[in-house]
Amino acid sequence: MSEKITGAQSLVKALEQTGVDVMFGIPGGAILPAYDPIFDSKIRHILVRHEQGAGHAATGYAQVTGKVGVCIATSGPGATNLVTPLADAQMDSVPIVAITGQVPGPAIGTDAFQEADIRGVTMPITKHNYLITNPDEIPNAIAEAFYIARTGRPGPVLVDIAKDALQMKTEFKYPSNLNLAGYNPVVNPDLKMVQQAAQLICESKKPVLYIGGGIIKANASAELMQLAELINAPVVTTLMARGAFPDSHRLHLGMPGMHGTVAAVTALQKADLLITLGARFDDRVTGKLSSFATKAKVIHADIDPAEIGKNRHADVPLIGDLKNILKALIPTVKSELAKNKPDLTSWWQEVDSWRNRFPLGFDEPADGSLSPQYVIKRIGEISGPDAIFAAGVGQHQMWASQFINYEKPRTWLNSGGLGTMGYAVPAAMGAKVGAPNQTVWAIDGDGCFQMTNQELVTCALNNIPIKVAVINNESLGMVRQWQTLFYNQRYSNTDLHSKRVPDFKLLAEAMGCVGMRCESKADVDKTIEAAMAINDRPVVVDFNVHRDAMVWPMVAAGTSNDEITVARSMAPVWDSQEL
Amino acid sequence: MAIHTLAVLVENSPGVLARVASLFSRRGYNIDSLAVGPTENPKVSRMTIVLNLEGHALDQVNAQLFKLVNVIGISEMKPAESLQRELLLVKVANTPKSVELSKKFGAKFIEANGVLEVEAVGERAEIEKFLTELKAVGIKELVQSGVVAMEKGATTLADRTLTTMGTANQSNQDNSTADYQN
Ligand SMILES: Cc1ncc(C[n+]2csc(CCOP(=O)(O)OP(=O)(O)O)c2C)c(N)n1
């Protein structure tokens, strides 16, 4: 008979056995028993400054490594501080496991000190969750949590463990097999459907590969490249898929959606076939759904059967792991093409005309102040294709998606589904922990930065030398843009005054980072290069930029993608035969 | 609007009813009735859910429901191919009319303290018809169980959905220890 250990020791052993190498967290009463064996464990525990930071760090780590990220918190407020990152990971299908302490079993339900029903709270925002009150169940719950988080459509799993279960004695038994009767993700596609998809592809005169974040999750970029080159179809990558296909590739039209390129948006609108791979017809991509790609048939490949037909009818559904789907589809398409190769010349002529006439661009501010787009573009160019970029939410996020060229998967991290301000700094921290040899930039807004910058203290103390570019337009820029366009320039509560307070340079220095400031175009390259040269500490650069720069193109919320404007009050002028 | 009856096998684990209820509420699916109880397998509970679907395709409800880790199997109970029953308990005024109605609908009844306690079992439509007629007499209190449904014939829902129970996942993917290594 094996030796009795505490539930807490059993938890840490299970985490070790599962292969966890790092976790982000903060201790507190209910989780305290676990922190004692954590003290002796080979698992690196990074003490964050706010549990939200722990959650987003786990997400950043997971997005960069493809492994499950882990965060840990105490009951009550510790656990509720994880709510935002859990919802964020759920929306963007990121595999993370959150471990929370709960009040002791007998106290559950009595409104005990620091009690919150975190299992109930997180039910709708996790893939699955557990409340464990019996110490014998800990290793199995941990093994299941990791298995569920990473398989199928990835997502967050929370394991809430009562304090007394952590303290009680138990026998450690790591499961050799899991018994999940209701959980059987389909991984291999139906070959009849693959055949039908191949046929549609070979009949199509105007195909578009509509690529979502699923390609990155499935590590299927190489297969995507094969298929794209095989069929020679235009490729668009959504906000979650930037990097899934190289931006420099001739087939790539860029990002579709509300702030997508004219070519990507229009190609989807005019296509006769959407080859949808790991994307979910999100409203930010489709615009008004009833007018989205009205002439197109749809092939929809996804690991989650519930995505099929949720927003848009699929003519050919392909359910399974995208890598397996593509491996089956490529040879099938090849043999179909041998029989019938469609001529895409005129489609490419159309597509190229949009691409050539409406390239992404920006105007330099007339008053000589710094252009935010220019700053972001130069950060991308100077840092190169191996650097990782994590963005906040707002204008800077859209510019970072538009003006940085992504050549590789897992180099672009952002909060696409939930749109979580404050994501960038902690996600960059997690990314740097997962990829210590790569340059990691947080491209953040002055608003977002003020939500989670405290994690720079964590970075400074734990040798996590990330770089932060604060794109300081002294306002909640994206909201201000909407006020400019839709609320008669009435700037209600969007002025942050952040060129006066706080002083980001001093703030950075107070947190143990190097602080820099850049106010003119002439200094941009020098400043970025100086930041790139520092590798022993985090760096924060306060880029003072023009406050009225806007994100273009734009499809206003709820309107049709046909109504895309390239710049204020400027819709693309179409030739009459194009309409 | 279309009425659908779903039979759902779920793991008998704490919180499972909350998961189902929370899913229906957040996705805006209208539940007409929901009945839960034990089954022949102590590890499994069975829900019968009557839905009034507007817009949302039944496929979508099924797919979302099936995503819940504790949901083992779902089957639509088509009216022609299933037994569907509901229990009605009702207190009405003890009048010759209410006695007559109860007899007409084959309901059991007891006369007690000036009221008639009526117990009826039947298909939803019959129960509703009975209720409409009883309303004219004056209903003092009523309670309904919600529909429970079972497919006709020899096959069971468990036969069709629980074949992998106990050897979960092995049909589709190997979840040996390597699969949950980080
Ligand atoms: C937590 C949270 N609160 C509010 C919002 C709404 N929101 C979206 S963008 C934005 C402005 C962001 O400002 P800033 O970080 O300065 O970025 P900018 O748009 O100026 O680049 C706001 C308030 C949000 N997305 N997330």
Side-chain angles (χ1 to χ4, degrees), chain A residues 15 17-22 62 65-70 95 97 117 119-120 123-131 133 142-153 155 157 174-188 304-311 313 319-321, chain B residues 8-29 41 43-45 47 55-74 158 161-182:
Chain A
L15 291 170
Q17 202 136 323
T18 307
V20 173
D21 48 18
V22 61
T65 61
K67 298 201 277 183
V68 179
V70 184
V97 167
D117 172 17
R119 184 185 53 165
M123 251 176 214
I125 54 163
T126 53
K127 185 172 173 187
H128 193 53
N129 60 16
Y130 294 85
L131 168 60
T133 51
I142 292 297
E144 283 186 10
F146 279 79
Y147 177 66
I148 290 169
R150 68 179 304 171
T151 54
R153 179 180 185 164
V157 180
Y174 196 70
S176 57
N177 207 342
L178 301 182
N179 186 359
L180 288 160
Y183 184 73
N184 281 290
V186 175
V187 292
N188 292 316
D304 179 0
E307 284 305 336
I308 308 294
K310 185 181 79 178
N311 292 341
H313 170 74
I319 298 166
D321 182 279
Chain B
V8 183
L9 292 181
V10 299
E11 279 180 284
N12 195 1
S13 67
V16 65
L17 180 60
R19 286 180 206 283
V20 171
S22 147
L23 171 74
F24 279 78
S25 109
R26 81 174 179 277
R27 298 221 179 247
Y29 308 147
N41 181 341
K43 288 186 187 156
V44 175
S45 299
M47 299 182 178
H56 298 290
L58 183 63
D59 288 351
Q60 181 58 201
V61 176
N62 276 333
Q64 294 294 355
L65 202 50
F66 203 56
K67 262 167 65 165
L68 296 178
V69 170
N70 299 131
V71 170
I72 302 164
I74 307 166
T161 55
L162 290 184
T163 42
T164 55
M165 180 95 174
T167 53
N169 306 310
Q170 275 163 8
S171 55
N172 218 310
Q173 65 184 80
D174 177 26
N175 71 328
S176 58
T177 317
D179 259 281
Y180 44 94
Q181 286 297 299
N182 204 26

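Lettering follows sequence order; numbering is per chain, from 1.
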**Request:** Check each atom of B/Leu68 against the heavy atoms of chain A and say whether the ones under 4.5 Å are side chain, backbone, both or neither.
**Result:** backbone
**Request:** Measure distances from B/Arg19 to the heavy atoms of chain A and classify the residue's part below 4.5 Å as side chain, backbone, both or neither.
**Result:** both
**Message:** Once rounded to the nearest 0.5 Å, what's the spacing between atom CG of B/Leu65 and atom NZ of B/Lys67?
**Reply:** 11.5 Å
**Asked** Using a cut-off of under 4.5 Å for heavy-atom pairs, which of A/Ile308, A/Asn129, A/Ile142, A/Leu131 has the most such pairs with chain B?
**Response** A/Asn129
**Prompt:** A/Glu307, A/Arg153, A/Met123, A/Lys67: which one forms the most heavy-atom pairs within less than 4.5 Å of chain B?
**Reply:** A/Met123
**Prompt:** What's the shortest heavy-atom distance between A/Ala149 and A/Pro95, and which atoms?
**Reply:** O-CB, 3.3 Å
**Request:** Counting only heavy atoms closer than 4.5 Å, note whether B/Val69 contacts chain A via side chain, backbone, both or neither.
**Result:** both
**Item:** By salt bridge (charged side-chain N to carboxylate O under 4.0 Å, His left out) - contacts of A/Arg119 (at least two apart)
**Value:** none
**Check: A/Ala306 main-chain N/O paired with B/Gln60 side-chain donor or acceptor under 3.5 Å** = yes
**Request:** Look up atom CD1 in A/Ile148 and atom CG in A/Leu180, then write down how far apart they are to the nearest 0.5 Å.
**Result:** 5.0 Å
